[in-house]
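Note that the coordinates shown come from a computational prediction; the quantities given were computed from them, not determined experimentally. Whatever order the structure lists ligands and atoms in, that order sets their numbers, starting from 1.
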Amino acid sequence: MANQWGQKAEELEVSNKIAGLGLNKKPLSQTEDVDESPDAANPADTSLLMKIIRQGLVESKLDIEIQRKDPNSPLYSVKTFEALHLKPNLLKGVYAMGFNAPSKIQETALPTLLADPPQNMIAQSQSGTGKTAAFVLAMLSRVDSSKNYPQVLCLSPTYELAIQTGEVAAKMAKFCPDIKLKYAVRGEEVPRGTKIQDHIIIGTPGKMLDWGVKFGMFDMSKIKVFVLDEADVMIDRQGHQDQCIRIHKCLPSTCQMMFFSATYDTAVMDFAEMIIPNPIIIRLLREEESLDNIKQYYVKCKSADEKYRAICNIYGVITIGQAIIFCHTRKTAAWLSEKMSKDGHSVAVLSGELTVDQRIAVLDRFRAGLEKVLITTNVLSRGIDVEQVTLVVNFDMPMDMEKKADCETYLHRIGRTGRFGKAGIAINLIDSPQTMDICKEIESHFGKKIQLLDIEDAEEIEKIGA
Ligand SMILES: Nc1ncnc2c1ncn2[C@@H]1O[C@H](COP(=O)(O)OP(=O)(O)OP(=O)(O)O)[C@@H](O)[C@H]1O
């Protein structure tokens, strides 16, 4: 029953909250040794965090690129949900979720996903553009609820992401009480010998492989739809790729395959092509970040203490909205926040040891303007736009494992997309010949001047804020 799903999703949500989503929660003794290594984001955590804190759809003005592999494909797009001829109760569910019209990826993907005969699809569009809702609608539309066996499998890379997808499915199927969903994730146990009767199974590859292939709890040859969600995160996780391939091998050739991903590099594409025969490929072009509206500076410092003084000078003189300061390690982030707090600045810290719930809480406070400064590490370098941030400080320059300039991370930290295209200021604190080299490399990579700023000269500092 859909109500039961809803209840299930709620229970899971509560237990997730209680468990702090179980992410990155390590005892102090274990975090100590990682404090000094570069802090980095894990793609599964980032994806989950973004899903949870995102307040709505990321609307894109950019175009969809369509690569039609199947010349007979009836590729067209719809501007309304009505035009998709969804089952009336599904349409009711869509509207009950507050969706008035399909998003760009939905308007292009859904007609193909729902067409007969079923078509295979590889779809890519950036996070938040409505991919989940697209494939969930397709999954729900293909279920024949008069037949009590699994017909749709959806693979997610982690427990938490599977639950998120299940929650969307439960909401969308609110008015389809006959459709039953099951989670194949850790903690869900089914006695051996059971024949699963639910129509849709959403889960992680290991559990799905156990239930479907190892223990034969459902008939793989009856699966009509196979969805691979977050393919880019999936292949990042050890062993998941192999498990997906093993599951995939047991599916009938008539099974409709859908593959969704936010990024599309060669590894993702190779994986996709291994799994999906003759796909229709659609890609929503990504809104690129750029440094066009950003004034970039560097400040010469001799030590960490001098870097700290530079921050205080900058902070005191220019009237800014809010600032984000990036550090390389959790230890530096902790040191800096303690020092600033002692000096009476109200600062927030966001680094890798926080659980997803704690990260959301920190970001919510910052967005609400309760703190003016957010000190963070590379856990936040990507994807989280806080509109009112006008100043970004690189307390430590972004560098890769070989201590070379990490230009991509620099762009993610400083750059803005068209949506948040307001002018901004970036200040790089340089305390060694090596960091100066990194700064130069970044300057030449982007072909944009990074100017020297004399931090002792109040007039000069005032000018940058003008
Ligand atoms: N047609 C729509 N109208 C309004 N809101 C929508 C629509 N489709 C999706 N949304 C909302 O937009 C947000 C992002 O959608 P969704 O989670 O499906 O994106 P996604 O592309 O799957 O993201 P990710 O890559 O993180 O999985 C969600 O809050 C969802 O409820």
Side-chain angles (χ1 to χ4, degrees), residues 6 9 13 21 41-62 64 77-84 86 90-111 113-114 121-141 154-174 202 204 227-237 258-265 268 272 282-287 356 359-360 382-385 417 419:
E13 197 168 77
L21 289 155
N42 140 353
D45 285 8
T46 306
S47 176
L48 181 64
L49 179 73
M50 288 180 36
K51 265 182 197 286
I52 295 176
I53 63 171
R54 194 180 298 121
Q55 276 138 10
L57 190 66
V58 173
E59 298 272 11
S60 176
K61 290 182 223 81
L62 299 170
I64 293 246
S77 72
V78 292
K79 301 287 177 217
T80 64
F81 282 115
E82 272 87 3
L84 289 166
L86 295 167
L90 262 182
L91 191 62
K92 251 168 101 178
V94 169
Y95 286 134
M97 286 177 81
F99 298 0
N100 298 321
S103 71
K104 200 129 199 170
I105 190 83
Q106 291 161 2
E107 74 177 37
T108 323
L110 276 167
L113 292 177
L114 299 175
M121 176 175 285
I122 297 177
Q124 177 262 338
S125 81
Q126 81 192 71
S127 183
T129 48
K131 296 188 294 297
T132 310
F135 69 74
V136 164
L137 259 183
M139 283 164 39
L140 293 167
S141 298
C154 172
L155 290 186
S156 290
T158 65
Y159 170 91
E160 292 79 9
L161 291 165
I163 301 301
Q164 289 289 317
T165 302
E167 285 176 6
V168 174
K171 277 193 206 143
M172 220 163 240
K174 195 171 159 199
I202 300 179
T204 46
V227 180
L228 250 174
D229 185 20
E230 309 248 4
D232 46 350
V233 180
M234 188 83 82
I235 59 172
D236 188 69
R237 298 182 84 81
M258 306 173 194
F259 187 105
F260 286 79
S261 177
T263 58
Y264 209 66
D265 61 20
V268 179
I282 62 175
R283 304 175 63 176
L284 182 64
L285 301 178
R286 213 192 148 78
E287 208 171 337
V356 167
R359 292 181 202 188
I360 294 166
R382 194 177 267 265
I384 291 159
D385 293 293
T417 65
R419 275 175 290 139

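- Close approach of ligand 1 to S103 (heavy-atom distance below 4.0 Å) involves ligand atoms 1 (N).
- By the criterion of a heavy-atom distance under 4.0 Å, the side chain of E230, and not its backbone, is placed next to ligand 1.
- Listed for the Q124 side chain is a donor-acceptor partner under 3.5 Å among the backbone atoms of A262.
- To the nearest 0.5 angstrom, S125 atom OG is 11.0 Å from R283 atom CZ.
- Ligand 1 lies less than 4.0 angstrom from a heavy atom belonging to F81.
- No N or O atom of N100 sits closer than 3.5 Å to an N or O atom of ligand 1.
- Proximity of a side-chain donor or acceptor of Q106 to a complementary backbone N or O of K131 within less than 3.5 Å is not detected.
- The distance criterion of under 3.5 Å between nitrogen or oxygen atoms is not met by S125 with respect to ligand 1.
- For A101, every heavy-atom contact with ligand 1 shorter than 4.0 Å involves the backbone, none the side chain.
- Some N or O of G128 is nearer than 3.5 Å to an N or O of ligand 1, by distance alone.
- Between F260 and F135, the ring planes lie tilted relative to each other; the angle falls in the 30° to 60° range.
- Ligand 1 places these atoms under 4.0 Å from at least one heavy atom of A133: 18 (O).
- Judged as a side-chain hydrogen bond (donor to acceptor under 3.5 Å, both in side chains), and not counting sequence neighbours, T204 has no contacts.
- Residues forming a side-chain hydrogen bond (donor to acceptor under 3.5 Å, both in side chains) with T158 (at least two apart in sequence, or on another chain): none.
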